[in-house]
Amino acid sequence: MTALGFLYPGHSAEDDYPRIEQLLGSDIRLELVHTDIGEDAHRVDALRRMGAPERLAAGVEELRLSGAESVVWACTSGSFVYGWEGAHEQIRALARAAGMAASSTSFAFVHAVRELGALGVRRVAVGATYPDDVAGLFVDFLRAGGVEVTGVRGAGIVTAAEVATWGEDEVRALARAADLPEADAVLLPDTALHTAAYVPRLEKELGKPVLTANQVSVWEALRLADRRVNAPDLGALFRREPIVQA
């Protein structure tokens, strides 16, 4: 049995994780610890407070007791708002506090795009629930990681609570609006967005890989634990066994 740890801010789309655990169909256990979200706002100052070291450190003892082998800060906006170097320092501090390998959803997207490079993925389009300024910071982060971004579509939503109310129709509409002919994949970067049940249909409709926040967070935790799981119902990312190194 491999236990993977996740620090998840507040309560939004955490039910994606038991669904993903079931779809993995193997001896994988996903352990979720909820962190204090503070002010629920897709605003840079609020997001930086949400990802502060003391808030992340508060949840690591519970993960250690669960036997987790790796930990992912399962929040995209609460990591990329620190910038490329700041996000690295964030996960270094988390790794020290947790005593295990650590990453965040923002880095998970970069690593996942690199992984799909073997399938010809070079350029991506971004469909973000965030306001435009926050979505732009995610694009900056991806580019700092060597990912070519062809375009970004922001939905302008201010709170995770509102994002969590979206169903399949809204998710599909965002993905379609974000997609561009020159993009090799579409990224949906909000862990507050329910997506685990929709990835296969999205990929079929768009004809290309779709990477979503909770999906890549789990893949990243597996990567850190050096586990390789083939789970086609989780999309193209889980149909290949090789896993990139950090």
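In this structure, the side chain to side chain contact (heavy atoms under 4.5 Å, CB included) partners of V199, at least two apart in sequence or on a different chain, are E203, T212, Q215. Considering only residues two or more places apart in sequence or on other chains, F109 meets the ring-ring contact (aromatic ring centres under 6.0 Å, His included) condition with F138. With sequence neighbours excluded, the residues forming a ring-ring contact (aromatic ring centres under 6.0 Å, His included) with H42 are Y130, listed by chain and number. Looking at residues two or more places apart in sequence or on another chain, you find a side chain to side chain contact (heavy atoms under 4.5 Å, CB included) between H34 and Y8, H11, E14, L32. Every residue was checked against the side chain to side chain contact (heavy atoms under 4.5 Å, CB included) condition with Q22, not counting sequence neighbours, and none meets it. With sequence neighbours excluded, the residues that form a side chain to side chain contact (heavy atoms under 4.5 Å, CB included) with L23 are R19, D233, L234. Residues forming a salt bridge (Lys or Arg N to Asp or Glu O under 4.0 Å) with R29 (at least two apart in sequence, or on another chain): E31.
Sorted by first and then second residue, the salt bridge (Lys or Arg N to Asp or Glu O under 4.0 Å) pairs involving residues 35-44 (not counting sequence neighbours) are D36-R55, E39-R43, E39-R49, R43-D45. Sorted by first then second residue, the side chain to side chain donor-acceptor pair (under 3.5 Å) pairs that include residues 61-73, not counting sequence neighbours, are E61-R64. For residues 81-90, the pairs satisfying salt bridge (Lys or Arg N to Asp or Glu O under 4.0 Å) are E89-R92, E89-R96, with sequence neighbours left out. Among pairs with a residue in residues 176-193, those fulfilling side chain to side chain donor-acceptor pair (under 3.5 Å) read T129-D190, D179-K208, at least two apart in sequence or across chains.
For F107 and H88, the ring centers are positioned less than 6.0 Å apart.
Put simply, the side chain of P209 reaches to within 4.5 Å of the side chain of V121, judged on heavy atoms. Contact of the I20 side chain with the L30 side chain is registered, since non-hydrogen atoms from C-beta on lie closer than 4.5 Å. Taking 4.5 Å as the limit, every side-chain heavy atom of L137 sits out of range of all side-chain heavy atoms of D133. Annotation: side chain of R227 is in contact with side chain of I28 (closest heavy-atom distance under 4.5 Å). Looking at V110 and W84, their side chains come closer than 4.5 Å, going by heavy atoms from C-beta outward.
By the rule that hydrophobic residues join a cluster once side-chain heavy atoms approach within less than 4.5 Å of another member, L116 and L188 end up as members of separate clusters.
Side-chain N or O atoms of S106 include one that pairs as donor or acceptor with a backbone N or O of F80 at under 3.5 Å.
A donor-acceptor contact closer than 3.5 angstrom links the side chains of T105 and S217.
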Residues 140-160, side-chain donor-acceptor partners within the protein, below 3.5 Å, at least two apart:
residue : atom : partner : partner atom : Å
R143    : NH2  : V149    : O            : 3.2
T150    : OG1  : V124    : O            : 3.2
T159    : OG1  : E162    : N            : 3.1

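Figure legend: R172 and Y198 shown without cation-pi pairing, the cationic atom not lying both under 6.0 angstrom from the six-membered ring centre and within 45 degrees of its axis.
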CA sep, side-chain torsions, deciding dist, call: H194, D16, side-chain hydrogen bond (donor to acceptor under 3.5 Å, both in side chains): CA-CA 6 Å; H194 292 89; D16 265 7; 5.3 Å; no

